[in-house]
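Below, each value reflects all heavy atoms present in this structure, side chains not excepted, and no hydrogens, waters or symmetry copies. Residue numbers begin at 1 in each chain, while the letters A, B, ... track the order of the sequences.
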2 protein chains.
Amino acid sequence: MVANMQNRTSAGHRTGRPRSAAADAAILEATRAALIELGWSKLTLGDVALRAGVAKTTLYRRWAGKNELVVDAVAELFDELELPDRGSLPADVEGAVLQFATVLDRPETRTALMAVVAEATRDEPLRRRIRASIVDCQKQLVLEGRARAQARGELPAEEDPEAAARTADLIFDMVAGAVVHRTLVSGEPVDPRWARSFTRVLLLGLAGAAEAAAQD
Amino acid sequence: MVANMQNRTSAGHRTGRPRSAAADAAILEATRAALIELGWSKLTLGDVALRAGVAKTTLYRRWAGKNELVVDAVAELFDELELPDRGSLPADVEGAVLQFATVLDRPETRTALMAVVAEATRDEPLRRRIRASIVDCQKQLVLEGRARAQARGELPAEEDPEAAARTADLIFDMVAGAVVHRTLVSGEPVDPRWARSFTRVLLLGLAGAAEAAAQD
DNA sequence: AGCTTACGCTACGGCTCGTAGCGTAACTGC
DNA sequence: GCAGTTACGCTACGAGCCGTAGCGTAAGCT
C-alpha cells in the first residue's frame with residue numbers, strides 16, 4: 001500500500017471539502033493507460049487529466065509534476081509482488097525472479113521505470129520517493145526470503161548484523177539488476193529457463209562465499 | 001570507435017562540401033557538458049547548438065533527435081573501457097567491474113544512460129543503436145575475459161557453443177545489471193570491497209554451476 | 001570555371017508547461 | 001441552518017522548446 005505519501009503529511013486538516021479518493025484512483029489509472037499508449041516521453045499531464053475526467057489544475061494540486069505522478073502510478077503495480085512459499089530456497093528465488101519479471105514486462109513499467117530512475121539522478125526528493133514506494137518493498141522480499149530459508153535450515157543464522165545487511169544489499173542488487181538488465185537492456189525474456197540458470201549461479205555463489213568467509 | 005553510424009550509410013556521396021568533423025566533435029562534447037549541467041530532461045538541442053558554436057539546423061541535419069544525439073555522446077565514454085590483464089580471472093572481473101563503475105559514476109552517464117534506455121523501449125531503431133554502440137562492446141569484454149581465462153586454464157573450454165553463448169549472456173546481465181543497479185537505483189558506491197564480494201559470489205556460482213552441469 | 005553538398009541565420013506554427021483567477025461544490029463545527 | 005474552510009472545474013495566459021522552411025554563403029570535387 002503506497003497510500004499517497006505526498007498529501008496530508010500526517011493528521012491532516014479535518015475541515016473543508018475532502019479530496020476525492022475516486023479522483024486519485026482515476027488519475028493513477030489514466031496515467032498508466034497513457035504510459036501504455038504514449039510512453040513516458042509523449043505523456044502530458046493535460047492528456048492524463050482529460051482521460052481521468054478531472055481538471056489539469058487538480059493534478060498540479062496533488063503532485064509536483066510528471067515524475068512524482070508516474071512514480072505513484074507504477075508503484076501500485078509493484079505492490080502486487082509477494083513471496084509465495086514454494087518449499088525451498090531455490091524455488092522461492094526462482095518464483096520471485098519470475099514474478100518480478102512479469103511486472104517488468106508490462107509496457108507501462110518498461111517505459112516508466114527507467115525514466116524516473118534517470119530523473120532521480122538529479123532530484124534527491126524523487127530518489128527518496130522511489131526508494132520508499134518501489135525499491136524498499138522489493139528489498140523487503142529479500143529479507144523475508146532469507147528469514148524463511150533460515151527457518152528451514154537452508155541458511156545459517158547470521159552472527160554479524162552488519163555483514164548480513166551488506167550481503168542482503170548485494171543479493172538485492174544482483175537479483176533486481178540482472179532481471180532489469182536482461183529485460184530492458186538486453187531485451188531478452190526472463191523465462192523459466194533463464195530464471196533457473198540465474199538462481200543456480202546466485203545460490204551456489206552465496207553458499208561458496210559463506211563457506212570461504214567461515215574459513216577466514 | 002563509434003564513428004558516426006548515423007551518416008553516409010555506406011560509400012556515401014563524394015562530391016560537394018564534406019561535413020565538418022570538428023563540428024561533430026564539438027557537438028558531442030557540448031552535449032556531454034549540457035548533460036552535466038542540465039541533466040537529460042532539461043537538455044535542449046538549441047542549447048547544445050549554442051554551446052557547440054553551430055546552428056541548430058546543423059544538429060537536425062545529422063541526428064534525428066535528442067535520443068540519437070545523446071546515445072552517440074555517451075557511447076564515446078564507453079569506448080574507454082578495456083580489459084587490462086591482471087593475471088587471474090577474479091582480478092580481471094574485479095577490474096572490469098570497477099572500470100565500468102567509474103564510467104557510470106560520471107554525471108553525464110548517470111542521467112543519460114537510463115533515459116535513453118527508457119526511450120528505447122518504444123523505439124526499435126534507437127534500441128539497435130544503443131546495442132551497437134554501447135551494449136555490444138561491453139559484451140565483447142565478457143567474451144574476451146572468458147577466452148583469456150580459458151587460455152590460462154582457469155576455465156574449461158566450452159563444447160556446446162549454444163550453451164556457451166547463453167552463459168555469456170547470463171554473465172553479462174549479472175555483471176552489468178548489478179553494477180548499474182547498485183549505482184543508479186540503490187545509489188550506493190561500487191567500491192573495491194563491493195566489487196570483491198560481488199566477484200566472489202559470481203565466480204563461485206559459475207564454477208559450481210559448471211560442475212553441476214557436468215554431472216548431468 | 002561549374003556542380004554539389006554543408007553551413008549559418010532567421011522566422012514561423014504548434015505544442016506543452018505551469019500558474020492565476022474566479023465561481024461553485026462539499027464537508028465541518030457552531 | 002449558517003459561516004468557515006478546503007477541493008474542484010474552467011478559462012486564459014506568458015513562456016519555452018520543437019522541428020522545419022527558406023535563403024544566401026562557404027567549401028570541397030572534376
Ion pair [X]/[Y], N-O distance below 4.0 Å:
{"X": "B:Arg129", "Y": "B:Asp72", "value": "yes"}
{"X": "B:Asp191", "Y": "B:Arg196", "value": "no"}
{"X": "A:Arg182", "Y": "B:Asp169", "value": "no"}
{"X": "B:Asp160", "Y": "B:Arg166", "value": "no"}

Nearest-nucleotide 5' precedence on DNA chain C, A:Thr57 against B:Ala23: B:Ala23

Provide a list of protein-nucleic acid N or O atom pairs under 3.5 angstrom, restricted to nucleotides 26-30 of chain C.
unit_1: C:dA26; atom_1: O4'; unit_2: A:Arg17; atom_2: NE; d: 3.3

Rounding to an integer number of Å, can you tell me how far [X] [atom1] sits from [N] [atom2]?
{"X": "A:Arg61", "N": "C:dA20", "atom1": "CZ", "atom2": "C1'", "value": "11 Å"}
{"X": "B:Tyr60", "N": "C:dC9", "atom1": "OH", "atom2": "C1'", "value": "16 Å"}
{"X": "B:Trp63", "N": "D:dG19", "atom1": "CH2", "atom2": "P", "value": "15 Å"}
{"X": "B:Glu68", "N": "D:dG19", "atom1": "CD", "atom2": "C1'", "value": "14 Å"}

Touch class at under 4.0 angstrom, heavy-atom based, for A:Ser20 against every strand present: sugar-phosphate

Least distance between heavy atoms, A:Leu35 atom then A:Ala112 atom: CD1-CB, 3.8 Å

Any N/O donor-acceptor pair, B:Arg19 side-chain to D:dG28 base, under 3.5 Å: no

Side-chain donor/acceptor contact of B:Lys56 with base of C:dG8 under 3.5 Å: no

DNA chain C contacts made by residues 118-127 of chain B, counting heavy atoms under 4.0 Å: none

Contacting residues from residues 31-53 of chain A, given that a heavy atom lies under 4.0 angstrom of DNA chain C: A:Thr44, A:Leu45, A:Gly46

Reported OG1-to-CD distance for the pair B:Thr111 and B:Glu37, which is rounded to 0.5 angstrom: 13.0 Å

From B:Arg86, B:Arg146, B:Arg148, residue fulfilling salt bridge (charged side-chain N to carboxylate O under 4.0 Å, His left out) relative to B:Asp92: B:Arg148

Over 12 non-hydrogen atoms of neighbours within 6.0 angstrom of CD in A:Glu82: no

Other residues, nucleotides, ligands: >12 heavy atoms within 6.0 Å of A:Arg51 CZ: yes

N or O in side chain of A:Thr58 less than 4.0 angstrom from D:dG9 OP1/OP2: yes

Non-hydrogen side-chain atoms of A:Val190 and A:Phe100 separated by less than 4.5 Å: no

Parallel, tilted or perpendicular: ring planes of A:Phe172 versus B:His181, cut at 30 and 60 degrees: perpendicular

